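First comes the structure, then the notes that go with it.
Note that this is a predicted model, so its numbers are computed, not measured. Note: hydrogens, waters and symmetry copies are ignored here, and every other heavy atom, side chains too, is used. Below, chain A is the first sequence line, B the second, and so on; all start at residue 1.
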Amino acid sequence: MDTGDTAFMLVAAALVMFMTPGLALFYGGLVRSRNVLSTILQSFICLGMVSLIWVTYGYTLAFGTDVGGLIGNFEYLFLNGVGTEPGPYSDTIPHLLFVAFQLMFAVITAALITGAFAERIKFSAFLLFTFFWTTFIYLPVCHWVWGGGWIEMHGTLDFAGGTVIHINSAVAALAAAIIIGPRKGWGKEAMPPHNISMTVMGAGILWLGWFGFNAGSALAADGIAVNAFMTTQIAAGAAAFSWLLYEWKSHGKPTALGAASGAVAGLVAITPAAGFVSPMAAIAIGLVAGVICCMAIRLKARFGYDDALDVVAIHGVGGLWGALATGLFASLAINPDGANGLFYGNPGQLGIQLIDALAVIAFSLIGSLIILKLIDRFVGLRVSEEEEIQGLDLSQHSEVGYTL
Amino acid sequence: MKKIEAVIKPFKLDDVKEALNEIGVQGMTISEVKGYGRQKGHKEIYRGAEYVVDFIPKVKIEIVLPADRIEEAVEVIRKAAVTDKIGDGKIFVTPVESVVRVRTGETGADAI
């Protein structure tokens, strides 16, 4: 065990934990004031439910010894045999710390989806969805990419979870937006964000936490972690800037919401690439992410799904771009455990990245649709029209965000 | 007695107040209001989605004066509030039946 690595990973895990309340603020500011608490709570309570899933059966299904490339076995059920000695995924940090670090990823992935069905989902249906989705979608995909499953064996590069977390959650978000249907009045009446200051604050917290997310994914306080730290900063900054400039040109004004959204898009895009690409590649990844994610906001109006807080545009499009960009810019000179990408003479890596991303998209889309359909059939996903107009804060939780 | 209700652009409030003070008008009631006329509303853009906000903020000033002072006061308000751009507001004048000063019970012009 290495105390330096352990100290670093403890802090990294705490930083990733902090991303979920950050996301709660990011999302909370974007909804109308009558739904602020329900939106914040949907992220926040993932820290409760998903933690329990993870330490009972979640971790072992994701990271237990591989069974057929598809799922982990039950060797770590209830964290049996997981102690403070270094475990199979790192020689230098306690196995239990690896469990904690990965736990935070599972939490925020579930929380990310909540942006799609915000302002209209029943709280009970949300809890059921989070439970089934984490169990049947997140755990297998996490195993495939990081736990020794078929995608990892296939050679895909996903440094900190572009596919596992962002593409995966965004596809579930798309399924959720389709099944639950648009908010009442969507496309006809204005639904402006109620507190963009809160959203920008949330984006700042996400940005900070992302250093733990990406640099921590090196699992050691080493040069790879430093590279990931720097590429994270560069891509986020570049994307904040490019989103701002793009919307300035296309919509006439530069906005605070645009800069905050762009930063998150850049953070998403650099996630799979952070430990495999150079700082200069991060500029390109960020600049492109800011522009294409901003353009992708229009998709929901074009195709008619009410992805309320743009999970698909930012995490889906940004995540897919990041997965492909990793196949373009990855370099063995940066990380000898990685691979070269197209620009370093290995075009095959781009194909691997694309195929594996598409596989996760297909699995997550179909699986999420089934889960959502079943919940809708047996419990009902939506609140009543009256409750929706009243607001979820009052109708689901009997509290209000603001008493002025 | 008549009442002037002037709906003006908020940033012009100080100019109007100063101008009325100069001609000896000794009190006013103001409120922050929202509305629209020919100016219509303004546009807000969030992630590229444009919303037209119909009601835009204005300040409403209410003053009650003896009838013979109304013409002068209206002109003073108009001159102080004007920017020559659309959305400068409106001034309404209506008759007032009675006024009572709460502290003393005085009525009519004495109570203004």
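- Within 6.0 Å of the CE atom in A/Met201, the count of heavy atoms belonging to other residues, nucleotides or ligands does not exceed 12.
- Within residues 45-58 of chain B, the residues having any heavy atom under 4.5 Å from a heavy atom of chain A are, by residue number, B/Ile45, B/Tyr46, B/Arg47, B/Gly48, B/Tyr51.
- Around CD of B/Glu71, the count of heavy atoms belonging to other residues, nucleotides or ligands within 6.0 Å does not exceed 12.
- Contacts from residues 13-28 of chain B to chain A, taken as heavy-atom pairs separated by less than 4.5 Å, involve no residues at all.
- Remark: A/Phe26 engages no residue in a ring-ring contact (aromatic ring centres under 6.0 Å, His included) (not counting sequence neighbours).
- For the ring-ring contact (aromatic ring centres under 6.0 Å, His included) test, no residue two or more places apart in sequence or in another chain qualifies with A/Trp243.
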